[in-house]
*Asks:* 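My structure is below; once you've seen it, I'll send some questions.
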Amino acid sequence: MAEQVRAIRTRRTILSAAAKVFEENGYQAATISEILGAAGVTKGALYFHFRSKEDLAQGVLAEQDQQIFVPHRACKVQEVVDVVMLHAHRLQTDPMVRAGVRLTMDQQAEGLDRSGPFLRWSEVGLELLEKAQAQGELLPHVDPRETADVIVGSFAGIQSMSQAVCDYADLVVRVSALMRHVLPSVALPSVLASLDLSEARGATVYAEALEAAQQAAEGAAASA
């Protein structure tokens, strides 16, 4: 058990170091030597967990949609909003998420498959929008898959603009505005009136998700 815990910690240390180097230098310029130096581990330890720089980058890419889960909402359009606003909040506060997004948007990352995050987020949006449609929350003309792709693509552009202009300082403001502009063409007016689209929504959902995760962990420990 102790060895397993140590291995998990080592992997996390390596990923955190890789995230820092990728965010600062981009994929092409980043080197394994820099990542080793930032992580403070041996080359053998790194290659035990990751086969290559590309494998490391894929690990960082996968981390941006892990660990924090939005609580289920009765209104699925609100759940869509919460997913988007939570991701914006994490971009402002979580270096691993920032590095993952930097890699996703890095058009100079030759040989790196950057499609994964886009496809995963589109699938998350599609699932929620299909549930919203089944519950009668959407306007009749709405195609859930098309709408999911529009939201994901628009978020990518908004976050890229915010990063370039002010290093994400105004990201939640921009994303709140995005939701206010997009959702009237998607959701019924009665649903729109019930939504929380505030700039603080992401931080609120983050705190709620952390509390739920802590309670789940305590419950698992108590039953073990």
Side-chain angles (χ1 to χ4, degrees), residues 1-71 82-106 109 111-121 123-124 155-156 159 163 167-168 171 202-224:
M1 179 64 73
E3 290 184 4
Q4 184 179 12
V5 171
R6 192 180 305 114
I8 292 172
R9 287 176 179 169
T10 300
R11 185 180 190 278
R12 185 69 186 179
T13 297
I14 294 168
L15 273 180
S16 295
K20 181 177 184 294
V21 173
F22 287 139
E23 185 183 7
E24 291 177 352
N25 302 339
Y27 179 74
Q28 288 300 119
T31 67
I32 291 292
S33 295
E34 288 174 306
I35 294 169
L36 284 171
V41 301
T42 65
K43 185 177 293 187
L46 186 148
Y47 282 114
F48 176 80
H49 293 279
F50 301 97
R51 298 185 302 275
S52 63
K53 185 173 80 168
E54 180 183 356
D55 197 25
L56 267 168
Q58 290 297 341
V60 173
L61 285 171
E63 283 292 306
Q64 65 180 287
D65 55 3
Q66 300 295 320
Q67 301 179 36
I68 304 296
F69 300 96
V70 171
D82 288 355
V83 167
V84 174
M85 294 303 293
L86 174 60
H87 197 49
H89 173 75
R90 294 184 70 206
L91 257 172
Q92 289 184 314
T93 59
D94 190 330
M96 185 71 74
V97 175
R98 285 199 301 274
V101 170
R102 166 75 187 269
L103 286 170
T104 303
M105 303 299 292
D106 188 355
L112 179 66
D113 182 359
R114 299 178 293 115
S115 65
F118 289 112
L119 296 175
R120 287 195 295 272
W121 285 116
E123 287 302 312
V124 169
F155 181 92
Q159 69 82 23
Q163 191 276 332
D167 195 27
Y168 296 126
L171 180 59
T204 299
V205 174
Y206 182 75
E208 185 181 356
L210 283 184
E211 183 179 358
Q214 183 177 355
Q215 290 175 350
E218 290 173 353
S223 61

*Asks:* So, taking the atom named CD in E34 and the one named NZ in K20, what distance separates them when rounded to the nearest 0.5 Å?
*Replies:*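 Reported value, rounded in 0.5 Å steps: 9.5 Å.
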*Asks:* Which atom names give the shortest non-hydrogen contact between A39 and T13, and what distance separates them?
*Replies:*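 Heavy atoms only, the tightest pair is O-CG2, 3.5 Å.
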*Asks:* Working to the nearest 0.5 angstrom, can you tell me the gap between L61 CG and R120 CZ?
*Replies:* 7.0 Å
*Asks:* Quick one: pull up NZ in K43 and CD1 in I35 and give me the separation to the nearest 0.5 Å.
*Replies:*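 If we round to the nearest 0.5 Å, K43:NZ and I35:CD1 are 12.5 Å apart.
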*Asks:* Looking at V21 and A38, what are the two nearest heavy atoms and their distance?
*Replies:* CG2-CB, 4.2 Å
*Asks:* Report yes if the side chains of R51 and Q58 come closer than 4.5 Å at any heavy-atom pair, otherwise no.
*Replies:*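 Heavy-atom side-chain distance check fails, nothing below 4.5 Å.
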*Asks:* Before giving the answer on side chain to side chain contact (heavy atoms under 4.5 Å, CB included), spell out for Y27 and R102 the whole-Å C-alpha distance, their side-chain angles and the decisive distance to 0.1 Å.
*Replies:* CA-CA 9 Å; Y27 179 74; R102 166 75 187 269; over 6 Å; no
*Asks:* Which atom pair, heavy atoms only, marks the closest approach of P71 to V205?
*Replies:*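 Scanning both residues completely, I find the closest heavy atoms to be CD-CG1, 4.2 Å.
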*Asks:* List the atom of V60, the atom of A19, and the distance in Å for their closest heavy-atom pair.
*Replies:* CG2-N, 4.1 Å
*Asks:* Please determine whether side chain to side chain contact (heavy atoms under 4.5 Å, CB included) holds for the pair F155 and L91, giving the CA-CA distance in whole Å, both sets of side-chain angles, and the decisive distance to 0.1 Å.
*Replies:* CA-CA 12 Å; F155 181 92; L91 257 172; 4.0 Å; yes
*Asks:* Could you please spell out the steps behind the side chain to side chain contact (heavy atoms under 4.5 Å, CB included) verdict for R114 and L103?
*Replies:* CA-CA 7 Å; R114 299 178 293 115; L103 286 170; 5.9 Å; no
*Asks:* In terms of side-chain geometry, is the basic nitrogen of E23 or R98 positioned less than 4.0 Å from the acidic oxygen of its partner?
*Replies:*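 Salt bridge flag = yes for R98 with E23.
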*Asks:* For the OH atom of Y168 and the NE2 atom of H89, what is their distance to the nearest 0.5 Å?
*Replies:* 14.5 Å
*Asks:* I need the H49 NE2 to L56 CG distance, nearest 0.5 Å.
*Replies:* 10.5 Å
*Asks:* Using the rule given for side chain to side chain contact (heavy atoms under 4.5 Å, CB included), can you reason through M105 versus Q163, listing the C-alpha separation, both sets of side-chain angles and the distance that settles it, and then say yes or no?
*Replies:* CA-CA 11 Å; M105 303 299 292; Q163 191 276 332; over 6 Å; no
*Asks:* Could you tell me the separation between the CZ atom of F22 and the CD atom of Q28, rounded to the nearest 0.5 Å?
*Replies:* 10.5 Å
*Asks:* With side chains defined as the heavy atoms from C-beta onward, is the minimum distance between L15 and R11 less than 4.5 Å?
*Replies:* yes
*Asks:* For a quick test of reading the model, state the closest non-hydrogen atom pair linking A156 to F118 and the distance between them.
*Replies:*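 Heavy-atom minimum between the residues: CB-CE2, 4.0 Å.
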*Asks:* Of all the heavy-atom pairs spanning P117 and T104, show the shortest one and how long it is.
*Replies:* CG-OG1, 3.5 Å
*Asks:* Is a donor on one side and an acceptor on the other found under 3.5 Å between the side chain of D94 and the backbone of R90?
*Replies:* no
